Amino acid sequence: MKKYTLKSQKPQPTKDWALSDQLNEEQLAVVTASSGPNLVIAGAGSGKTHTLTYRVAWLIHKGVDPSKILLLTFTNKAARNMTDRVAGLVSHDAKRIWSGTYHSIGNRILRRYAAKIGLPSNFNIIDSEDAASLMDLCVAEAVDDIYVKRIPRGSVLVKILSLCINTQTPVPDLISHKFEHFKGMADTFRSIFALFQTRKLEMGLVDYDDLLLHWKRLLTDFVDVREALQSEFEHILVDEYQDTNLIQGEIIDLMSAKHRNLMVVGDDSQAIYGFRGAEYRNILEFGLRYPECRHFRLELNYRSTPQILELANRSIAFNQNQYPKTLRAHRPSGEKPAKLRVRDVYQQADFVAQRILELADEGISLDEIAVLYRAHHHAMELQVELTRRGIPYVVRSGIRFFEQAHIKDVLAYLRLLHNPKDELSFIRLAKHFQGVGNKRADQIWKLALNKPDPLRAIASDELLHALPTRVRRSWAHAAALFKELIGSRLTATPDSLVEKVIKGPYDDYLQKSFGDDYKSRAQDLEQLVNFAAQFEDIDRFLGEITLLSSMSGQDILVGGEVPDEKVTLTSIHQAKGLEWHACFVLWLSDGHFPSTNSVDTLEGEEEERRLFYVAATRAKEELYLSHVFTHRTRDNRAVVLRESIFLEELADSPDESQHPFETWILEEV
DNA sequence: TAATAGGTCTTTTTT
DNA sequence: AGACCTATTA
């Protein structure tokens, strides 16, 4: 008889687990908390991500199989960072943990069970722009011509439907609550929405909301799927829980119903996604849904000076709806934040640019400097000024790399190859060919659809001959390209497919329709080839890019001549979770921040104030708050702007030394 | 009849 | 930067 020893499957820690060196007492309690529901209220800069990372590592260290851990984060980038950090802490294969946004996890799960919902597993994901144009098509189909003009645009309808889904509110209720001007149209809307959902299923398309909606349906309508998923994930951890909405909250409750090992982390003071249906009652009422849950608090702030924290704390105290909390500063004393009054946007840009150069002279890395603002266009003049002075910067707001027209154009070809039922992509790419518009594209699609292999039919000679001479000439280019693409569809890598498209007839279209912008767009497309090269197959490539949250091209670009150091220009929303040595907050003027659209309700105003709180708490040492006091409106009227109430309310004492900021006077020489 | 070119208006924030 | 509307062209 021979003894054979099976090696232990338990992970072996490679690193020294002296946790108390890495974590404070509050954090340690969270990391080593026992199983079951755990609620962590974590103030800004309290090491929330750090703690959550250690918690995951600790679980793996204790023997939990990484593939049975589900970690939900707010962006996919955050997920990647945390997974990498966990991998650095445990020897075990941390890559196997399920981490990502709700939408990307929903995508992964849905690929597995697509058939249950009546979807092909090669479904394509559409962004809100595509969803809006499909909605327009549905309006045209579902509504009599004479009434079409009375129906709001597709983008508005998509927004309404999206809110209904994310807040789990029936259409009529939402309309009477938030869109009173559409009262009486609820039934029309409902029939349009029903058609919209049907069309997406037929075309094998899924929008952002469907990723949540179908995921939830899998859990509620299919017992076998529910049990499989509930058993599969032993531990579920949710970051930024204050920004989850109702359907996300329900999904998590369903997913964790069996093991009930659910740890949620968040800060109600940083809830800034109400416009997208986020429901911070999820976090406030967590204790009601899980009466046995343990409560933890992280209240020691490692990020900012006491002066910055003082300003942030005093500001957020003006909000009525919140968990009372005391955020304590750990860092030594620093300078008071600066408040400045700038004459106009150009002076604001001058000030920021000049101050950035001074900071750089003092030895502060440009990577440690950020400019934060409420709305993308608040930074336009600054972008011009930074460019003029040769200060390198990245913009992390505005249109995303993958949302740009030329990128979406090229991707449309790949999407159609991946899912030949994707009519939306077909219509988009068909219009690249001279003489083809909506009507002709529709006609070609219908001709091809009846054929056994629609993709080949598009490229067939038969179809070509059915077209009028003029269109036939240009469509011959399309047919040739398609023949080539179809031939290599199964073997080709994503980057070679992208390359085939951009080297083909699309290049002519690009030149013709973008003119002087052609060069930079062509460069973007080259970068797209590089980016695509990271993916093994189209499946993964297409699956990931629509869900990629990063805004700027620079995050996407591999290689290229990116400067080593650059200032970050970002919307406050995009700045969540990040920190810099010095932060500039622009446009703290009445009507701009808080924005006019938000201030008519208390909820709106409080969310704006939380936004201001998030902005202020991004700064480690220096915080500059700028009030633009004169401005020219679009119709060229000069207006004088009061300072933001968020500044005004902080200066409630006649004694200036009591103000949480120092007022700077600008002098021009 | 349908495509396209040119002018105007819009926009908070994002998965 | 792009969508929508209108006028012009094929």
Side-chain angles (χ1 to χ4, degrees), chain A residues 72-79 100-107 125-129 131-133 136 149 153-156 158-159 162 165-166 206-212 240 243-245 247-248 271-278 372-380 396-400 402-409 430-443 468-471 474 509 512-515 517 520-521 544-551 570-576 587 591-599 604 607-608 610-612 614-615 634-635:
Chain A
L72 288 154
T73 56
F74 204 68
T75 64
N76 287 308
K77 197 175 166 190
T101 59
Y102 283 90
H103 295 89
S104 70
I105 299 291
N107 176 39
I125 301 171
I126 57 175
D127 62 17
S128 1
E129 191 195 340
S133 47
D136 282 328
K149 279 224 166 1
R153 294 206 251 118
S155 56
V156 177
V158 164
K159 202 179 272 175
S162 182
I165 291 170
N166 286 294
V206 160
D207 64 20
Y208 292 135
D209 301 322
D210 289 334
L211 290 170
L212 304 177
E240 308 282 8
D243 283 322
T244 54
N245 57 40
I247 191 171
Q248 291 168 333
I272 53 176
Y273 280 89
F275 68 91
R276 174 171 115 175
L372 311 180
Y373 38 84
R374 177 70 183 86
H376 179 63
H377 64 261
H378 287 171
M380 288 311 171
R396 330 187 101 270
S397 59
I399 196 146
R400 283 179 220 144
F402 293 114
E403 281 175 349
Q404 297 174 96
H406 53 296
I407 304 289
K408 288 184 67 168
D409 282 343
K431 289 192 279 194
H432 298 158
F433 298 89
Q434 188 75 245
V436 181
N438 274 327
K439 283 280 145 67
R440 187 70 69 188
D442 193 52
Q443 183 208 346
T469 340
R470 217 172 47 79
V471 189
S474 68
Y509 174 82
K512 199 183 60 160
S513 40
F514 295 108
D517 214 22
S520 82
R521 289 182 192 249
E544 281 192 30
I545 50 176
T546 323
L547 299 176
L548 222 53
S549 52
S550 55
M551 285 296 225
T570 175
S571 70
I572 299 168
H573 285 89
Q574 283 279 315
K576 193 161 77 157
W587 263 113
H592 293 80
F593 187 9
S595 131
T596 334
N597 310 315
S598 326
V599 288
E607 178 150 316
E608 295 281 305
R610 291 192 293 268
L611 210 46
F612 179 64
V614 170
R634 236 200 327 267
D635 49 347

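Lettering of chains follows the sequences in order, A, B, ..., and the numbering in each one begins at 1. Just so we're clear, the structure is a prediction, and the values are computed from it rather than from any experiment.
Between A:Arg153 and the phosphate of B:dT11, there is a side-chain N or O to OP1/OP2 separation shorter than 4.0 Å. Distances shorter than 4.0 Å separate some side-chain N or O of A:Arg400 from OP1 or OP2 on B:dT15. For B:dA2, the OP1/OP2 oxygens have no side-chain nitrogen or oxygen of A:Gln434 closer than 4.0 Å.
Closest contact between the side chain of A:Asp136 and the listed nucleotides C:dG2, C:dC4, B:dT14 involves C:dC4. Nearest to the side chain of A:Arg470, among B:dT15, C:dA10, C:dG2, sits C:dA10. Here the nucleotide nearest the side chain of A:Gln574, chosen from C:dG2, B:dT15, C:dC4, is B:dT15. Here B:dA3 is the nucleotide among C:dA3, B:dT15, B:dA3 with the atom lying nearest to any side-chain atom of A:Arg440. Checked against B:dA2, C:dG2, C:dC4, the side chain of A:Lys439 finds its nearest nucleotide in B:dA2.
No option in A:Asp207, A:Val206, A:Asp127 other than A:Asp127 meets the side-chain contact (heavy atoms from CB on, under 4.5 Å) test with A:Thr546.
Under a cut-off of 6.0 angstrom, the local environment of NZ in A:Lys159 is sparse, with at most 12 non-hydrogen atoms contributed by other residues, nucleotides or ligands.
At the heavy-atom level, A:His376 lies under 4.0 Å from the strands shown only through sugar-phosphate atoms. Looking at heavy-atom distances under 4.0 Å, A:Tyr273 makes contact with sugar-phosphate atoms alone, never a base. Within the nucleic acid shown, A:Arg610 has no heavy atom closer than 4.0 Å to any nucleic acid atom. If you check every strand for non-hydrogen atoms under 4.0 Å, A:Ser598 touches a base. Heavy atoms of A:Ser128 sit under 4.0 angstrom from at least one base atom.
Across A:Leu611 and A:Ile572, no two heavy atoms sit closer than the pair O-CG2, 3.5 Å.
Using a 5.5 Å limit on the distance between ring centres and a 30° limit on the angle between planes, the aromatic ring of A:Phe275 does not count as stacked on the six-membered base ring of B:dT14.
At whole-Å resolution of the value, CH2 in A:Trp587 and P in B:dT13 are 14 Å apart. Going from atom CD1 of A:Ile399 over to atom C1' of C:dG2 covers 8 Å, rounded to whole Å. Separating the CE atom of A:Met380 from the C1' atom of B:dT11 is a distance of 10 Å, rounded to the nearest angstrom. Note: CG (A:Asn438) to C1' (B:dA2) measures 10 Å, nearest angstrom. Rounded to an integer number of Å, the gap from A:Glu240 CD to B:dT14 P is 15 Å. Regarding A:Ile105, its CD1 atom lies at a distance of 13 Å from the C1' atom of B:dT15, rounded to whole Å. In this structure, CD1 of A:Ile126 is placed 13 Å from C1' of B:dT15, rounded to the nearest angstrom. Going from atom NZ of A:Lys512 over to atom C1' of B:dA5 covers 11 Å, rounded to whole Å.
Across the interface with DNA chain B, nearest-nucleotide mapping of A:Arg276 and A:Ala441 shows A:Ala441 to be the residue nearer the 5′ end.
Put simply, CG on A:Asp243 and CZ on A:Arg276 are 7.5 Å apart, with the number rounded to the nearest 0.5 Å. Here the straight-line distance linking atom CZ of A:Phe433 with atom CZ of A:Arg440 works out to 15.0 Å at 0.5 Å rounding.
Using cut-offs of 30° and 60° on the angle between ring planes, the pair A:His378 and A:His592 is tilted.
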